[in-house]
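Below is one structure; the comments refer to it alone.
Just the heavy atoms: all of them, side chains too, but no hydrogens, waters or symmetry mates, feed the values below. Lettering follows sequence order; numbering is per chain, from 1. Only a predicted model underlies this, so the values are computations on that prediction, with no experimental measurement involved.
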Amino acid sequence: MTKAVDFYARSVHDVARDLIGCVIRHGETAGRIVETESYHMEEPACHAYVGLTPRTRTLFGPPGRAYVYFSYGIHSLLNVVCEDEGVGAAVLIRALEPMDGIDLMRARRGVERPQELCSGPGKLTQALGIGLADNDSSLLDGPIEVLPRTREPRIAVGERVGISKAVELPWRFCDASSPHVSRPWPAQMRAAA
DNA sequence: CATGGGATTGACT
DNA sequence: GTCAATCCCATGC
């Protein structure tokens, strides 16, 4: 059963934590969420920080929809819109553990190892075939489905990755026991620079 | 209309 | 660890 809108109409941080362990399905492909980050309009790393623009229209829209945007000219990144309409907040899906359609994922990604299929926000959209066409689509009855978790994961919390502003906020959530995260955990705390 | 930066990835030193 | 690819979009003239 797909989640109800009430699940998304809450604090974006609570949703980010509760999405760990849930399953994302798109067509033949599906994976278990093992890594998320939360973003909110009140902090500068969030796209909604600049206010309502054509790009951020989806972020300010009703909860329970997909916000997909194009980054670095190459990658589509998948977010889940949260909180009330008029509030710009979303959860970035950063990594999945592949479950269904793994051969199709391999064909789309051009790699074989399961750990390399969905271990990054740009990788998982490629593996699942999600693109800009899915922006603003409903997660309740649209092409992308979110299914409840089947067991309680052990969750680790840390600082977000790959941003230059508000880097100190502990808004990254991971399945602490999964080998499918986008970067080593918790060794990620060590500065890469 | 021109410009600059970015919630990344993968190839290379 | 360093760096380029590549394009959407926000901003400024």
Not counting sequence neighbours, which residues clear salt bridge (charged side-chain N to carboxylate O under 4.0 Å, His left out) with A/Arg154? List them please. none
Please list, chain by chain and in numerical order, all residues satisfying side-chain contact (heavy atoms from CB on, under 4.5 Å) with A/Val111, sequence neighbours excluded. A/Arg109, A/Glu116, A/Leu117
Which heavy atom of A/Arg183 sits nearest a heavy atom of A/Val161, and at what distance? CZ-CG1, 3.0 Å
Using the side chain to side chain contact (heavy atoms under 4.5 Å, CB included) definition, which of the options A/Glu35, A/Met105, A/Met99 pairs with A/Cys118? A/Met105
Donor-acceptor pair, side chain of A/Thr56 and main chain of A/Gly51, under 3.5 angstrom: yes
Where do A/Phe60 and A/Ala48 come nearest, in terms of heavy atoms and distance? CZ-O, 3.5 Å
Within residues 95-106 of chain A, the residues having a heavy atom closer than 4.0 Å to DNA chain C are none
Taking only residues two or more places apart in sequence or in another chain, which ones pass salt bridge (charged side-chain N to carboxylate O under 4.0 Å, His left out) with A/Glu43? A/Arg160
I'd like to check the salt bridge (charged side-chain N to carboxylate O under 4.0 Å, His left out) partners of A/Arg17; sequence neighbours left out, ordered by chain and number. none
Who else is in A/Leu169's hydrophobic cluster (ILVMFWY, side-chain heavy atoms under 4.5 Å, direct or via others)? A/Trp171
Which letters describe nucleotides 4-13 of chain B, given B = protein heavy atom under 4.0 Å from base, S = only from sugar-phosphate, - = neither? --BBBSS---
Residues forming a side-chain contact (heavy atoms from CB on, under 4.5 Å) with A/Pro44, sequence neighbours excluded: A/Tyr49, A/Lys165, A/Ala166
Under the salt bridge (charged side-chain N to carboxylate O under 4.0 Å, His left out) test, residues paired with A/Glu97 that sit two or more places apart: A/Arg32
What stems, by residue range, does DNA chain B take part in, given at least 3 consecutive Watson-Crick or G-U pairs under 3.5 Å? B:1-6 with C:7-12, B:8-12 with C:1-5
Counting only non-hydrogen atoms, which of residues 80-89 of chain A are less than 4.0 Å from DNA chain C? none
According to ring pair (Phe, Tyr, Trp, His ring centres under 6.0 Å), who are the partners of A/Tyr69, at least two apart in sequence or on a separate chain? A/His47, A/Tyr67
